[in-house]
Enquirer: 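Okay, handing you the structure first.
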Amino acid sequence: QVQLVESGGGLVLPGGSLRLSCAASGILLKINVMAWYRQAPGLQRELVASIVNVVSSNYADSVKGRFTISTDNAKNAVYLQMNSLKPEDTAVYYCYAVVQSAGWSPPKVYWGQGTQVTVSS
């Protein structure tokens, strides 16, 4: 079993910055994908940023140039640095990981519990 624990959410003024963290723990042979999703009230959950096999990162158009995803392999962690935050960035942010726990088992998807980010004056 794998657990994802997020931290770093909160209330910030428009134009401000926040850094989200997510640490994976449990039986981890390989982490194939780590990503951040978000869900605003009344809207579907959407992909914010992802990083595949440590190398390849992708961003939603709405956050390009403002958000940066990064990983720390030694800590099995993923981070989301969010700059120039806007009110429309307000949402619950979820950590996502695709993890292989054993050589014989297929990769599985895991989600964190979510952390609230509110951008408001």
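All values reported here derive from a predicted model rather than from experimental measurement.
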Enquirer: Transitively linked via ILVMFWY side-chain contacts under 4.5 Å: Val5 with Met34?
Expert: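 No, Val5 does not connect to Met34 through the hydrophobic network.
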Enquirer: Does CD1 belonging to Ile27 count more than 12 external heavy atoms closer than 6.0 Å?
Expert: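 Not more than 12 within 6.0 Å, no.
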Enquirer: Thr118: what forms a side-chain hydrogen bond (donor to acceptor under 3.5 Å, both in side chains) with it, not counting sequence neighbours?
Expert: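 If we apply the side-chain hydrogen bond (donor to acceptor under 3.5 Å, both in side chains) test to Thr118, skipping adjacent residues, the hits are Gln116.
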Enquirer: Between CG of Leu28 and CD of Gln3, what distance do you get to the nearest 0.5 Å?
Expert: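 It comes to 8.5 Å.
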Enquirer: Identify whether Tyr94 and Trp36 are in the same connected component of the hydrophobic contact network (ILVMFWY, side-chain heavy atoms under 4.5 Å).
Expert: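 Different clusters.
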Enquirer: Report the hydrophobic cluster partners of Leu11, with the cluster defined as I, L, V, M, F, W, Y residues connected by side-chain heavy atoms closer than 4.5 angstrom, directly or transitively.
Expert: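 Via sub-4.5 Å side-chain contacts, Leu11 links to none.
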Enquirer: Do you know the tightest heavy-atom contact between Ala91 and Ala40?
Expert: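 Taking Ala91 first and Ala40 second, the nearest heavy atoms are CB-N, 3.8 Å.
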Enquirer: Tell me, which pairs form a salt bridge (Lys or Arg N to Asp or Glu O under 4.0 Å) where one or both residues lie in residues 67-87, sequence neighbours left out?
Expert: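 For residues 67-87: none.
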Enquirer: Is Val99 reachable from Ile51 through a run of I, L, V, M, F, W or Y residues, each pair having side-chain heavy atoms under 4.5 Å apart?
Expert: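 In one cluster with Ile51: Val99, yes.
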Enquirer: Starting at CD1 of Ile31, measure out to OG1 of Thr71 and round the result to the nearest 0.5 Å.
Expert: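 Answer rounded to 0.5 Å: 8.5 Å.
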Enquirer: Taking side-chain hydrogen bond (donor to acceptor under 3.5 Å, both in side chains) as the definition, give me every residue that meets it alongside Ser101, ordered by chain and number, with sequence neighbours left out.
Expert: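 Residues passing side-chain hydrogen bond (donor to acceptor under 3.5 Å, both in side chains) with Ser101: none at all.
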Enquirer: Would Val48 and Leu80 satisfy side-chain contact (heavy atoms from CB on, under 4.5 Å), going step by step from the backbone distance to the final call?
Expert: CA-CA 9 Å; Val48 176; Leu80 186 69; 4.2 Å; yes
Enquirer: Test question: given the 4.5 Å side-chain rule for I, L, V, M, F, W and Y, name all other residues clustered with Leu13, or answer none.
Expert: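 Once heavy-atom contacts under 4.5 Å are chained together, Leu13 still belongs with nothing else.
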Enquirer: Search all heavy atoms of Gly9 against all heavy atoms of Leu20 and return the closest pair with its distance.
Expert: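 Smallest interatomic distance, heavy atoms only, reads N-CD2, 3.6 Å.
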Enquirer: Kindly state each residue pair satisfying disulfide bond (SG atoms under 2.5 Å apart) with at least one member in residues 18-101, sequence neighbours excluded.
Expert: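 Every disulfide bond (SG atoms under 2.5 Å apart) pair that includes a residue of residues 18-101, provided the two are not neighbours, is Cys22-Cys95.
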Enquirer: Looking only at heavy atoms, what is the nearest atom pair of Gln39 and Leu43, with distance?
Expert: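 For Gln39 versus Leu43, the nearest heavy atoms are NE2-O, 3.1 Å.
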Enquirer: Does Val78 share a hydrophobic cluster with Val2, counting links as ILVMFWY side-chain heavy atoms below 4.5 Å and allowing steps through other members?
Expert: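 In one cluster: yes.
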Enquirer: May I have all residue pairs that pass salt bridge (Lys or Arg N to Asp or Glu O under 4.0 Å) and include part of residues 43-52, sequence neighbours excluded?
Expert: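 The answer is Arg38-Glu46.
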Enquirer: Using the side-chain contact (heavy atoms from CB on, under 4.5 Å) rule, take Gln81 and Ser17 through it: C-alpha gap first, then chi angles, then the decisive distance, then the call.
Expert: CA-CA 7 Å; Gln81 178 65 43; Ser17 298; 4.0 Å; yes
Enquirer: For Val12, enumerate each residue passing the side-chain contact (heavy atoms from CB on, under 4.5 Å) test, keeping only those at least two apart in sequence or located in another chain.
Expert: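 Applying side-chain contact (heavy atoms from CB on, under 4.5 Å) to Val12 gives Leu18, Leu85, Val119.
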Enquirer: Could you give the side-chain donor-acceptor pairs of residues 54-61 under 3.5 Å, partners two or more places apart or in another chain?
Expert:
{"from": "Tyr59", "atom 1": "OH", "to": "Ile69", "atom 2": "N", "distance (Å)": "2.9"}
{"from": "Asp61", "atom 1": "OD1", "to": "Lys64", "atom 2": "NZ", "distance (Å)": "3.1"}

Enquirer: Donor-acceptor pairs are to be reported for all side-chain atoms of residues 103-113 against protein atoms at under 3.5 Å, with residues two or more places apart or in another chain.
Expert:
{"from": "Ser105", "atom 1": "OG", "to": "Ala102", "atom 2": "N", "distance (Å)": "3.2"}
{"from": "Ser105", "atom 1": "OG", "to": "Ala102", "atom 2": "O", "distance (Å)": "3.1"}
{"from": "Gln113", "atom 1": "NE2", "to": "Glu6", "atom 2": "OE1", "distance (Å)": "3.4"}

Enquirer: Which residues pass the side-chain contact (heavy atoms from CB on, under 4.5 Å) test with Ser84, sequence neighbours left out?
Expert: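 Arg66.
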Enquirer: For the CD atom on Glu88, are there more than 12 heavy atoms of other groups (residues, nucleotides or ligands in this structure) within a distance under 6.0 Å?
Expert: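 Counting other residues, nucleotides and ligands, CD of Glu88 exceeds 12 neighbours.
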Enquirer: With Val33, which residues qualify under side-chain contact (heavy atoms from CB on, under 4.5 Å), at least two apart?
Expert: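 Partners of Val33 under the side-chain contact (heavy atoms from CB on, under 4.5 Å) test: Val52, Tyr96, Val98.
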